Each structure stands twice: as C-alpha cells, then as structure tokens.
Amino acid sequence: MRVSVRLMGPYKRLAGGVGDIDLDVDEPSLGGVLRAVLAEYPEAGKKLLPASKKIEPAVRVVLNDVVLQGATVDVAIRDGDRVAFVPIVGGG
C-alpha cells in the first residue's frame, strides 16, 4: 500500500530536507509507516521510533488531518492515507 508522509521540523532536517514523501508500506499500521520511514531515512526514523519501539511522546501524529491522541504503532493505516509527524512546539 502507498501512503503520503509529511515530516516536519527536526524530522525533515534529519531526512536531508525532504518533507513530503510517498512511501510503500508493507504493514497496514502506523508501525509499518514508521518502519518504511526508517528504511528510507534512517536518521529521521530513529528519532521518530527509537529502540523502545514506542512513538516518542514529543511527536504528534496527524492522520488524514486529524491529530491522534496517544498514537501507538498499532493504529490502522489504509492505502492513500496521509500521515504527518509534527514535533511538539513549546515556548511562551
């Protein structure tokens, strides 16, 4: 299946400035998307999905324009979905 992925902020920088990509994903889950990012852009993938295999708490996942609260690697993904990885921004 094919999904569109948007990497923002530090994830985009770690992918060499590539922000919008289309990826072939073997597994219909957010974990499958993250593994595809890791395979194509290892540094960005390591930041998004560290060795613990849990999505970093500082990462917001947006699926088809909906922010997922408490996203896990088990979230189902369908062909043609759009996934964005957004860093939490703080400050005041």
Side-chain angles (χ1 to χ4, degrees):
M1 102 173 97
R2 195 148 178 93
V3 297
S4 296
V5 176
R6 173 168 281 179
L7 301 174
M8 299 180 75
Y11 319 122
K12 180 178 178 177
R13 282 190 296 280
L14 289 169
V18 176
D20 295 313
I21 51 178
D22 291 323
L23 292 174
D24 291 314
V25 178
D26 295 333
E27 182 186 327
S29 68
L30 189 53
V33 172
L34 288 165
R35 282 186 286 285
V37 170
L38 180 64
E40 191 75 24
Y41 302 99
E43 293 306 313
K46 284 185 233 172
K47 185 72 171 175
L48 289 166
L49 187 66
S52 68
K53 303 298 184 210
K54 293 184 180 181
I55 298 171
E56 281 291 317
V59 177
R60 287 295 173 254
V61 179
V62 182
L63 175 61
N64 298 323
D65 301 323
V66 175
V67 177
L68 301 180
Q69 299 298 323
T72 68
V73 294
D74 298 322
V75 170
I77 302 293
R78 296 181 309 215
D79 188 48
D81 277 352
R82 296 177 323 276
V83 181
F85 296 101
V86 183
I88 291 178
V89 178

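Only a predicted model underlies this, so the values are computations on that prediction, with no experimental measurement involved. Positions are given from 1, in the same order as the sequence printed here.
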I'd like to know if the side chain of Asp79 reaches the main chain of Arg2, judged simply by a donor and an acceptor atom lying under 3.5 Å from each other, with no hydrogens or angles considered.
yes
How close do [X] and [Y] get, heavy atom to heavy atom, and via which atoms?
X: Ile77; Y: Ser29; answer: CG1-C, 3.3 Å
X: Val86; Y: Tyr11; answer: C-CE1, 4.0 Å
X: Ala71; Y: Leu30; answer: CB-CD2, 4.1 Å
X: Gly9; Y: Pro87; answer: CA-CG, 4.3 Å
X: Arg78; Y: Met1; answer: C-SD, 3.4 Å

Verify the cluster assignment for [X] and [Y]: are they in a single hydrophobic cluster under the rule of side-chain heavy atoms below 4.5 Å apart?
X: Val83; Y: Leu14; result: no
X: Met8; Y: Ile21; result: no
X: Val33; Y: Val75; result: yes

Could you tell me if the side chain of Val5 sits less than 4.5 Å from the side chain of Phe85, heavy atoms only?
yes
Residue pair Ile55 / Thr72, side-chain heavy-atom distance below 4.5 Å:
no
Within this structure, what is the CG-NZ distance for the pair Leu34 and Lys54, rounded to the nearest 0.5 Å?
14.5 Å
At what distance, to the nearest 0.5 angstrom, does NZ of Lys47 lie from CG of Leu7?
13.5 Å
How would you list, by chain and number, every residue that makes a side-chain contact (heavy atoms from CB on, under 4.5 Å) with Leu38, sequence neighbours excluded?
Lys46
Per the salt bridge (Lys or Arg N to Asp or Glu O under 4.0 Å) rule, what does the pair list look like for residues 8-23, sequence neighbours excluded?
Arg6-Asp20
Determine all donor-acceptor pairs shorter than 3.5 Å in which one atom belongs to a side chain in residues 57-67; sequence neighbours excluded.
{"residue": "Arg60", "atom": "NH1", "partner": "Pro57", "partner atom": "O", "Å": "3.4"}
{"residue": "Asn64", "atom": "OD1", "partner": "Arg82", "partner atom": "N", "Å": "2.8"}
{"residue": "Asn64", "atom": "ND2", "partner": "Asp81", "partner atom": "OD1", "Å": "2.9"}
{"residue": "Asp65", "atom": "OD2", "partner": "Arg82", "partner atom": "NH2", "Å": "2.7"}

